[in-house]
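One structure below.
Naming convention: chains lettered A, B, ... in sequence-line order (proteins, then strands); numbering from 1 in each chain.
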There are 2 protein chains.
Amino acid sequence: MTVDRDQVLRTAAALLSRKATATMDEVARAAGIGRATLHRHFAGRHSLVKALEDLGIKEFEAALEAARLDDGTAEDALRRLIAEVEPAAPLLAFLVTENQLFEGDQMHEGWNRLDARVSALFRRGQEQGEFRIDLTPAWLTEALYGLVGAGAWSVQEGRVAAKDFQYMIAELLLGGARRSVEQ
Amino acid sequence: MTVDRDQVLRTAAALLSRKATATMDEVARAAGIGRATLHRHFAGRHSLVKALEDLGIKEFEAALEAARLDDGTAEDALRRLIAEVEPAAPLLAFLVTENQLFEGDQMHEGWNRLDARVSALFRRGQEQGEFRIDLTPAWLTEALYGLVGAGAWSVQEGRVAAKDFQYMIAELLLGGARRSVEQ
DNA sequence: CCCACATGAGACATTCGTGTCTCATGTGGG
DNA sequence: CCCACATGAGACACGAATGTCTCATGTGGG
């Protein structure tokens with residue numbers, strides 16, 4: 001009977017990441033609830049977007065914790081991160097795409113902190129000789145976001161099987177498309 | 001004096017890809033023109049988006065031609081494609097992100113055709129033993145789009161130098177972040 | 001079994017973006 | 001030098017989306 005706030009937010013993220021101009025009514029329908037109910041839980045579009053932002057940052061932060069980025073090889077840590085991030089992928093795709101939230105160069109401080117942690121992982125990998133040093137940590141971070149978004153959309157549209165999500169992203173990000181001699 | 005239609009569209013793409021809900025007024029300001037002038041050149045938001053779609057598809061098609069995807073190794077062809085696509089990257093980022101254009105499962109037929117050509121390149125690479133076969137052509141295609149978008153945004157926000165755009169994308173997509181033994 | 005409460009549907013006023021118009025300005029070409 | 005014309009600014013009406021409200025419904029807990 002009571003609305004599942006979490007499920008509403010995930011549905012909204014999936015919709016809004018592909019159609020940012022969707023109306024509140026469309027969001028409500030997509031979540032299977034009435035527009036009035038949506039308004040009761042989120043006082044207006046701004047509030048909804050803010051909730052998406054908060055949930056996305058919270059889940060990404062939890063994924064960063066769960067992945068234990070400082071343990072083991074950087075590669076293993078990155079694979080763990082991708083695995084942990086998967087459930088939040090549509091949410092992440094929305095946040096990465098829509099940085100209208102961060103208007104006026106007043107980027108969300110929480111986001112910067114998370115950014116720094118991902119970047120630090122890539123830097124660690126470089127310092128330990130695991131990762132290439134000609135691709136900057138900043139780019140690898142952005143690329144990870146881009147691939148997570150692309151993966152979420154591909155799964156959403158059935159172009160990639162959901163079970164392959166982690167593998168496709170991790171393998172491409174780490175090994176690339178080229179067939180290596182060592183395989 | 002006269003408006004540079006092309007420049008307006010590129011500015012609009014850069015803005016709308018990051019803030020899809022931007023108003024016509026914001027688009028006009030970003031392009032450095034008045035709202036009335038924007039309306040004189042594009043009769044309404046729908047018309048503007050359509051123009052962006054048309055220009056994006058046209059430029060991507062031209063890039064595909066110029067890259068001669070069937071010539072030489074698949075890797076070289078892919079590098080050429082990335083190089084040719086660079087000027088249209090913000091436009092592509094907009095198109096990939098905003099598939100609200102293709103509402104009601106009536107996806108733009110032109111886009112499907114272009115998709116197929118990129119996908120065919122990856123398939124050729126696999127058949128010739130250049131590319132890994134465990135990453136599907138569909139995923140590699142989506143990943144290319146995702147990385148082009150991430151690259152365009154990174155350059156736009158100064159996180160990656162414009163001169164590194166091609167290199168960063170091509171190297172990551174082909175070789176990945178892992179330091180290979182052959183280097 | 002009944003009541004409290006959350007929901008869905010819909011009415012309503014308001015806000016905001018849109019699309020059209022006019023008019024003054026200024027520039028570029030003839 | 002002057003005129004034609006594109007532009008910028010702003011006024012205006014319209015329409016769509018928003019935000020608030022009421023009321024009927026149905027469910028879940030006590």
Which whole-number value in Å describes the distance from [X] [atom1] to [N] [atom2]?
| X | N | atom1 | atom2 | result |
| --- | --- | --- | --- | --- |
| B:Leu38 | C:dG17 | CG | C1' | 13 Å |
| A:Asp25 | C:dA11 | CG | P | 14 Å |
| B:Glu26 | C:dC16 | CD | P | 13 Å |
| B:Met24 | D:dG15 | CE | P | 18 Å |
| B:Leu48 | C:dG19 | CG | C1' | 14 Å |
| B:His39 | C:dT22 | NE2 | P | 16 Å |

Would you say B:Thr2 places a side-chain N or O within less than 4.0 Å of OP1 or OP2 belonging to D:dA6?
no

D:dG8 phosphate, OP1 or OP2: any side-chain N/O from B:Thr37 under 4.0 angstrom?
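Affirmative; the distance criterion is met.
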
Determine yes or no for a side-chain-to-main-chain donor-acceptor pair under 3.5 angstrom, with [X] supplying the side chain and [Y] the backbone.
| X | Y | answer |
| --- | --- | --- |
| A:Glu84 | A:Leu64 | no |
| B:Arg123 | B:Thr136 | no |
| A:Glu86 | A:Ala152 | no |

Test B:Val8 against every option in B:Thr37, B:Val3, B:Val27 by the side-chain contact (heavy atoms from CB on, under 4.5 Å) rule and name the one that passes.
B:Val3

Contacts of A:Arg68 that satisfy side chain to side chain contact (heavy atoms under 4.5 Å, CB included) - sequence neighbours left out
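Side chain to side chain contact (heavy atoms under 4.5 Å, CB included) check on A:Arg68 returns A:Asp71, A:Arg80.
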
So is B:Arg18 actually on top of B:Trp153's ring, under 6.0 Å and inside 45° of the axis?
yes

Residue [X], side-chain atoms from C-beta onward, closest of [options]:
| X | options | result |
| --- | --- | --- |
| B:Arg35 | C:dC21, C:dA9, C:dG19 | C:dG19 |
| B:Val3 | C:dG8, D:dT18, D:dT7 | D:dT7 |
| A:Arg29 | C:dG8, D:dG10, C:dA9 | C:dA9 |

Give the ring-plane orientation class for B:Phe131 versus B:Phe122, where under 30° counts as parallel, over 60° as perpendicular and anything between as tilted.
tilted

Looking across every strand, which nucleic acid part, if any, lies under 4.0 Å from A:Arg45 by heavy atom: base, sugar-phosphate, or nothing?
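The residue A:Arg45 makes sugar-phosphate contact but no base contact.
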
B:His41 near the nucleic acid: base, sugar-phosphate alone, or nothing, with a heavy-atom cut-off under 4.0 Å?
sugar-phosphate

Closest-nucleotide ordering on DNA chain C, the 5'-leading residue of B:Arg40 and A:Arg40:
A:Arg40

Each base of DNA chain C marked ( ) or [ ] if paired in-strand (Watson-Crick or G-U under 3.5 Å), | if paired to another strand and . if unpaired gives ||||||||||||||||||||||||||||||

